[in-house]
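Scroll down for the structure; my scribbles are underneath it.
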Amino acid sequence: MKKMLAAAVMVIIGASSLCGNAMSVKDETYCDDGIMPLDISSVVVNYENKDENTFKMVMRHPSYSFSANRSDCACIAGANVIGFYDRYDENLIPEHTAGKFILGRYVYNNQDTYVYDLIRQLYSDMGTNNEGTTVTEFKNGMITYCNRKGKSISFSSCMRNSRFDYSVAKSYMESNQPVVLFCSGYNVADVDFEEKSDRINYYESAGNHVMVGFGYVETTYTLANSANLLYEYIMVASGVPTKTSGYYDIHYNTNVNDAYAVNIY
């Protein structure tokens with residue numbers, strides 16, 4: 001449901017992209033790679049005061065977006081997870097250098113030909129086709145790839161009573177585990193900051209999609225009438241070439257069907 005805002009202005013332009021759904025959430029396929037133009041919408045929040053609570057797993061997380069085949073967003077998401085753990089064992093992506101420290105903070109490198117090869121391999125391991133990838137196929141493909149590299153992998157649910165548990169997802173990210181989000185409808189946002197006014201720019205699609213979270217931002221606005229607005233974002237690798245990273249507003253035109261924290265060890 002679209003967030004209703006007092007003291008907010010909304011402008012919408014663009015076109016949506018859709019992909020086919022299976023009969024149940026469990027068997028749904030995830031296939032939106034952001035190839036079609038994304039809708040663009042903006043919300044302006046005029047405020048008196050603003051408080052932020054921010055957590056970033058690293059200074060710059062992986063944000064791979066190379067699409068080797070149609071409907072391979074789950075493969076790209078898997079690559080971003082593996083790319084994160086390649087920092088600790090660079091055999092996960094042979095020949096690829098995961099990243100480096102800058103001023104004491106870790107910065108991941110951009111995708112390269114070795115990451116492209118990884119995404120192609122995951123397409124095969126997950127059994128992805130033009131219809132996309134199910135959650136089960138994603139998990140099985142990640143297990144296959146990691147076992148081939150001599151690594152173990154675990155998946156910890158971030159759902160409670162079939163609903164996304166934001167607090168649980170935050171706790172896993174704080175424990176250095178990225179969170180994979182399987183969404184029906186998704187957005188990737190950025191924010192333009194001005195004095196006493198923020199413009200939140202959303203790039204969104206109605207399609208089924210997979211993204212990876214590497215941190216979070218919680219912004220509380222106090223308006224002129226003393227009302228409060230809370231925005232809750234996850235910092236994501238979107239897998240979308242035109243908007244590779246940004247803030248995923250968990251309340252804006254979206255639903256998290258399933259979510260898992262992933263640990264490779």
Side-chain angles (χ1 to χ4, degrees), residues 1-2 14-41 61-84 111 119 122-123 126-139 141-142 155 158-159 163-164 166 169 178-190 201-214 216 232-262:
M1 180 178 297
K2 193 163 288 188
S16 297
S17 59
L18 297 168
C19 60
N21 298 338
M23 296 301 293
S24 69
V25 170
K26 179 180 178 181
D27 296 325
E28 272 190 296
T29 55
Y30 295 83
C31 60
D32 192 316
D33 303 317
I35 302 302
M36 298 292 290
L38 299 180
D39 287 349
I40 303 173
S41 59
H61 58 70
S63 55
Y64 312 147
S65 62
F66 171 73
S67 182
N69 296 280
R70 288 187 59 188
S71 305
D72 60 353
C73 66
C75 310
I76 297 168
N80 277 301
V81 172
I82 291 170
F84 176 81
Q111 59 189 358
I119 295 169
L122 290 175
Y123 191 91
M126 292 181 186
T128 303
N129 55 37
N130 288 343
E131 296 299 315
T133 313
T134 66
V135 173
T136 298
E137 289 169 338
F138 172 87
K139 293 164 74 173
M142 292 289 283
F155 302 89
C158 297
M159 307 293 287
R163 296 178 64 86
F164 178 56
Y166 177 60
V179 171
V180 182
L181 304 159
F182 296 86
C183 304
S184 293
Y186 66 96
N187 62 78
V188 187
D190 57 40
N201 305 303
Y202 293 99
Y203 303 79
E204 58 180 313
S205 168
N208 285 357
H209 190 55
V210 190
M211 300 186 291
V212 184
F214 294 99
Y216 59 84
E232 296 174 313
Y233 305 101
I234 295 176
M235 298 176 182
V236 293
S238 71
V240 177
T242 55
K243 189 66 176 173
T244 58
S245 63
Y247 297 161
Y248 168 54
D249 185 335
I250 64 173
H251 303 296
Y252 189 89
N253 288 353
T254 188
N255 185 64
V256 179
N257 295 331
D258 215 345
Y260 293 91
V262 181

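Just so it is clear, the values below take in all heavy atoms, side chains as well, and ignore hydrogens, waters and symmetry mates. Residues take their numbers from the sequence shown, with the count starting at 1.
Partners of N255 according to the side-chain hydrogen bond (donor to acceptor under 3.5 Å, both in side chains) rule, which considers only residues two or more places apart in sequence or in another chain, are N257. Partners of A189 according to the side-chain contact (heavy atoms from CB on, under 4.5 Å) rule, which considers only residues two or more places apart in sequence or in another chain, are I200, Y202, Y247. For the side-chain contact (heavy atoms from CB on, under 4.5 Å) test, residues two or more places apart in sequence or in another chain that qualify with Q111 are Y64, S65, F66, V115, Y116. In this view, F214 and H61, F84 satisfy the ring pair (Phe, Tyr, Trp, His ring centres under 6.0 Å) rule, not counting sequence neighbours. Applying the side-chain contact (heavy atoms from CB on, under 4.5 Å) criterion to N129, with sequence neighbours excluded, gives E131. With sequence neighbours excluded, no residue forms a salt bridge (charged side-chain N to carboxylate O under 4.0 Å, His left out) with K139.
Using a 4.5 Å cut-off on side-chain heavy atoms (C-beta onward), M142 and L122 make contact. Taking 4.5 Å as the limit, every side-chain heavy atom of E28 sits out of range of all side-chain heavy atoms of V135. In this structure, Y30 and F138 have side chains that are not in contact, with every pair of non-hydrogen atoms separated by 4.5 Å or more. For the pair Y260/C158, no side-chain contact is recorded, criterion being any heavy-atom separation below 4.5 Å from C-beta on. Contact of the I234 side chain with the V179 side chain is not registered, since no non-hydrogen atoms from C-beta on lie closer than 4.5 Å.
No side-chain donor-acceptor contact under 3.5 Å links H209 to the backbone of C183. A donor-acceptor pair is defined here as one N or O able to donate and one able to accept, closer than 3.5 Å; no such pair exists between the side chain of N187 and the backbone of E204.
Under the 3.5 Å distance criterion, with hydrogens and angles disregarded, no donor-acceptor pair is assigned to the side chains of T244 and S238. Inspection of the S41 and Y252 side chains reveals an N or O donor paired with an N or O acceptor under 3.5 Å. There is a side-chain donor-acceptor pair under 3.5 Å between D72 and S67. With 3.5 Å as the limit, one finds no donor-acceptor pair spanning the side chains of N201 and Y203. Checking Y248 against T254 by side-chain atom types alone, a donor-acceptor pair falls below 3.5 Å.
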Self-check item: Worked check of side chain to side chain contact (heavy atoms under 4.5 Å, CB included) between S245 and M235
Solution: CA-CA 7 Å; S245 63; M235 298 176 182; over 6 Å; no
Exercise. Begin with the C-alpha distance, continue with both residues' side-chain angles, and end with the deciding distance and a verdict on side chain to side chain contact (heavy atoms under 4.5 Å, CB included) for V236 and L181.
Key: CA-CA 9 Å; V236 293; L181 304 159; 4.1 Å; yes
Practice problem: Go through the steps for T128 and E137 under the test side chain to side chain contact (heavy atoms under 4.5 Å, CB included), then give the verdict. | Solution: CA-CA 8 Å; T128 303; E137 289 169 338; 5.8 Å; no
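For the atom pair OG of S205 and CG of D32, the computed distance is 3.5 Å after rounding to the nearest 0.5 Å. With rounding to the nearest 0.5 angstrom, the CG atom of N208 is 12.0 Å from the OG1 atom of T134. Between the CG atom in D249 and the OH atom in Y186 there is a gap of 15.0 Å [rounded to 0.5 Å]. Separation of atoms CE (M126) and OG1 (T133) is listed at 6.5 Å; rounding is to 0.5 Å.
Among the candidates V188, N80, I76, the single residue satisfying the side-chain contact (heavy atoms from CB on, under 4.5 Å) test with M211 is V188.
The shortest non-hydrogen separation linking P62 to G83 is CG-C, 4.1 Å. Y233 approaches Y166 most closely through the heavy-atom pair O-OH, 3.5 Å.
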